[in-house]
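A short write-up of the structure that comes next.
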Protein chains: 2
Amino acid sequence: MKDRQDVALVAGGAGFIGSHLCRALLDKGFEVICMDNLQTSRAINLERLESERAFTFFRADIVDPLPDAVTRRRDISRIYNLACAASPPQYQVDPEHTMLTNVVGTDRLLRLAEQNGARFLLTSTSEVYGDPETHPQREDYRGWVNCTGPRACYDEGKRAAEAIAFDFARLERAEVRVARIFNTYGPNMHPDDGRVISNLLCQALSGEDITIYGDGSQTRSFCFVSDMVDGLIRLMEVDMPDSKPVNLGNPEEYTILELVERIVAETGTTSAVIHRPLPVDDPRRRRPDIRRARTLLDWEPRILLDEGLRVTCDFFAEEICARHAEHGGARAGLLLSSPLRTPLAAE
Amino acid sequence: MKDRQDVALVAGGAGFIGSHLCRALLDKGFEVICMDNLQTSRAINLERLESERAFTFFRADIVDPLPDAVTRRRDISRIYNLACAASPPQYQVDPEHTMLTNVVGTDRLLRLAEQNGARFLLTSTSEVYGDPETHPQREDYRGWVNCTGPRACYDEGKRAAEAIAFDFARLERAEVRVARIFNTYGPNMHPDDGRVISNLLCQALSGEDITIYGDGSQTRSFCFVSDMVDGLIRLMEVDMPDSKPVNLGNPEEYTILELVERIVAETGTTSAVIHRPLPVDDPRRRRPDIRRARTLLDWEPRILLDEGLRVTCDFFAEEICARHAEHGGARAGLLLSSPLRTPLAAE
């Protein structure tokens with residue numbers, strides 16, 4: 001397919017989306033260098049990749065100087081930066097590190113791109129829009145972000161990372177792509193990453209109370225991971241008329257209550273639904289305008305929510321079973337947010 | 001006045017506001033440690049301070065590890081961070097460095113504050129409000145900032161610096177103050193820093209065309225530097241009910257055209273007034289709501305624009321004369337933006 005093997009570096013490649021991206025790049029014939037600090041990623045995601053000859057893993061934190069074996073290279077043609085804890089409970093554990101990951105880490109990878117003449121893709125986020133005042137969000141919307149609040153380490157970190165990336169583009173130091181990723185879900189999510197679909201599915205599958213923050217009328221859109229990875233690779237590979245950001249996400253909008261109904265139906269759970277207060281700065285609505293992606297990348301999501309939920313539900317059911325078997329019922333709860341109280345719905 | 005001498009560190013202390021702050025802190029009996037990379041600051045600002053026994057200067061860039069002589073200390077009680085190029089032509093020269101100054105530099109100084117148990121003050125900026133949609137700007141306004149544009153290295157850099165500072169406050173790693181500084185002017189400004197008052201005064205004094213960007217109907221508010229320094233020290237020293245940001249600036253609003261009229265009157269210049277296109281992302285209006293500063297700091301600006309312009313005009317006239325004498329007419333132009341074409345109005 002290719003004259004010589006192209007080399008892609010994926011920072012955050014052991015994470016949820018990163019691991020799927022590494023798989024897809026290997027399948028397309030790339031040599032893949034994966035860097036990850038394993039802060040929120042799972043070694044099991046790597047196990048499925050490490051048998052591949054064209055895959056190399058470095059445990060490295062992009063806040064620190066990059067490994068010599070990476071900086072020595074001059075043949076990297078694609079650099080994907082997916083490195084950062086991405087859910088509030090994870091990125092708020094060490095907000096200073098979250099900010100530095102986005103700013104210092106992105107800067108290091110951009111310098112590596114400059115040195116290699118590589119194309120650079122930053123996975124930014126719908127969080128740069130904050131709690132948006134317009135719906136759906138277009139890429140030229142400047143956002144409504146609280147830069148003093150507890151989500152700012154992530155939201156402002158990503159905005160700062162974008163700023164650096166666009167400066168590298170303006171100064172022609174690197175060819176840059178910026179994807180603003182909206183909620184994504186699928187297999188390889190971490191059961192306790194605190195994101196809404198993993199939270200709800202795990203609660204439903206383990207018979208725990210299903211937690212809704214606020215009244216559940218807030219909306220989200222959910223993109224299945226295979227669609228997201230397809231969008232990222234298209235964005236990286238396509239010739240762009242400009243280096244402006246591109247939203248990637250599924251524009252189908254659901255309230256959290258609608259999502260809970262589908263999850264209850266899919267899992268057949270008998271869990272109770274409880275409400276808790278809305279976290280600070282939680283956005284009311286989130287829905288991408290994907291016209292730029294449709295036009296420039298000829299891309300749109302294909303997987304329907306019910307279809308994606310089914311696959312994801314199967315993944316979590318297996319995960320929970322495996323942990324249950326491995327650790328025994330008494331310890332399995334350590335891996336979820338609270339002990340398993342009823343048999344798994346999938347059993 | 002004090003039992004033992006308090007120690008204040010001022011990063012960016014050789015700059016325009018920083019040099020006035022160092023002077024005021026010395027006058028209040030502080031030992032002052034000044035750090036500056038002299039990127040946009042002027043050695044002459046230091047000459048006026050270096051004769052003081054209680055003043056120490058380190059030429060250092062806060063993007064790099066701090067000097068050992070600074071990190072070894074444990075007796076610093078106040079850290080003021082004023083370090084960053086502050087006008088678009090200056091901070092856009094090396095946007096990557098601008099961003100890292102704000103993020104990495106602020107982080108290093110916050111760690112130093114944590115280590116010393118020192119109180120930390122960040123000089124943030126009205127630029128965090130971007131091109132604001134509400135007037136005047138209150139501290140809880142989230143701003144309208146383009147995170148992809150050529151001003152983002154500064155605007156988003158400062159927003160990110162605020163985010164880190166508030167995380168240090170939330171985690172009780174340091175006691176934090178954040179001042180959002182609006183346009184400030186006065187002696188010790190750099191003649192070619194590209195800010196509106198220095199630009200216009202130098203053009204008027206040297207008989208060059210006076211440049212107005214756009215139609216001149218955009219508004220700014222201008223705070224004299226002694227008022228600003230008074231506000232910064234009050235903010236640092238007062239006990240605050242919260243660590244939220246505080247606007248510091250003069251709420252008197254002038255159009256650029258009004259400012260030009262006053263400058264023409266003050267200097268008696270015969271310069272022509274010309275118009276150039278508005279730069280990208282230039283804000284239309286800028287005016288602080290200073291109710292928080294009035295209430296919490298018992299502070300408001302005292303120096304009227306005409307009074308401040310007179311002092312500043314005298315300062316620039318002397319500067320231009322000195323350079324003219326030192327370098328001869330032919331070279332003086334190198335220090336301004338273009339050659340002197342007519343005798344100085346002040347001569």
Side-chain angles (χ1 to χ4, degrees), chain A residues 63 91-100 102-104 106-108 110-111 114 124 128-133 139-171 173 176 178 180 242-245 280-281, chain B residues 63 91-100 102-104 106-108 110-111 114 124 128-133 139-171 173 176 178 180 242-245 280-281:
Chain A
V63 170
Y91 68 63
Q92 287 169 350
V93 168
D94 185 351
E96 180 191 24
H97 184 259
T98 300
M99 176 61 78
L100 296 178
N102 281 308
V103 174
V104 176
T106 298
D107 186 57
R108 288 195 197 285
L110 279 161
R111 288 181 180 210
E114 180 178 32
S124 183
V128 301
Y129 301 123
D131 188 0
E133 304 147 295
E139 288 88 347
D140 57 3
Y141 173 59
R142 294 191 179 187
W144 184 240
V145 174
N146 176 7
C147 69
T148 72
R151 297 171 76 109
C153 59
Y154 186 74
D155 304 359
E156 291 295 340
K158 286 289 189 183
R159 289 173 67 98
E162 286 198 13
I164 307 173
F166 289 116
D167 278 321
F168 268 74
R170 250 187 304 274
L171 299 174
R173 296 178 65 181
V176 161
V178 173
R180 290 183 178 158
D242 60 54
S243 59
K244 292 187 181 135
V280 175
D281 295 335
Chain B
V63 170
Y91 67 63
Q92 287 169 351
V93 168
D94 185 350
E96 180 191 23
H97 184 259
T98 300
M99 176 61 79
L100 296 178
N102 282 309
V103 174
V104 176
T106 299
D107 186 58
R108 287 195 198 286
L110 279 162
R111 288 181 181 210
E114 179 178 32
S124 183
V128 301
Y129 301 122
D131 189 359
E133 303 146 295
E139 289 89 346
D140 57 3
Y141 174 60
R142 296 191 178 186
W144 183 240
V145 174
N146 176 7
C147 69
T148 72
R151 298 171 76 111
C153 58
Y154 185 73
D155 304 0
E156 291 294 340
K158 287 289 189 184
R159 289 173 68 97
E162 286 199 13
I164 306 173
F166 289 116
D167 278 322
F168 269 74
R170 248 186 305 273
L171 298 174
R173 297 178 64 181
V176 162
V178 173
R180 290 183 178 159
D242 60 54
S243 58
K244 292 188 181 135
V280 175
D281 295 336

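Note on naming: letters A, B, ... go to the chains in the order of the sequence lines (proteins, then strands), and numbering restarts at 1 for each one.
- With values rounded to the nearest 0.5 angstrom, T148(B) atom OG1 is found 9.5 Å from D140(A) atom CG.
- With chain A as the partner, the residue from D107(B), V103(B), N102(B), T98(B) showing the most heavy-atom pairs under 4.5 Å is D107(B).
- Note: C153(A) SG to F166(B) CZ = 14.0 Å, rounded to the nearest 0.5 Å.
- With sequence neighbours excluded, the residues satisfying side chain to side chain contact (heavy atoms under 4.5 Å, CB included) with R142(B) are D131(A), W144(A), N146(A), D281(A).
- With a 4.5 angstrom heavy-atom cutoff, R173(A) touches chain B only via side-chain atoms.
- Every residue was checked against the side-chain hydrogen bond (donor to acceptor under 3.5 Å, both in side chains) condition with D94(B), not counting sequence neighbours, and none meets it.
- For the pair R159(A) (side chain) and A160(B) (backbone), a donor-acceptor distance under 3.5 Å is absent.
- Between R170(B) and G149(A) the shortest heavy-atom distance is NH2-O, 3.0 Å.
- Heavy-atom distances place both the backbone and the side chain of P150(A) under 4.5 Å from chain B.
- The distance from atom CD of E114(A) to atom CD of E96(B), rounded to the nearest 0.5 Å, is 7.5 Å.
- Considering all non-hydrogen atoms of both residues, A163(A) and E156(B) come closest at CB-CB, 4.3 Å.
- Each of R151(A), Q92(A), K244(A), E162(A) has some count of heavy-atom pairs under 4.5 Å with chain B, and the biggest count is that of E162(A).
- Counting heavy atoms from C-beta on, the side chains of P95(B) and L171(A) come closer than 4.5 Å.
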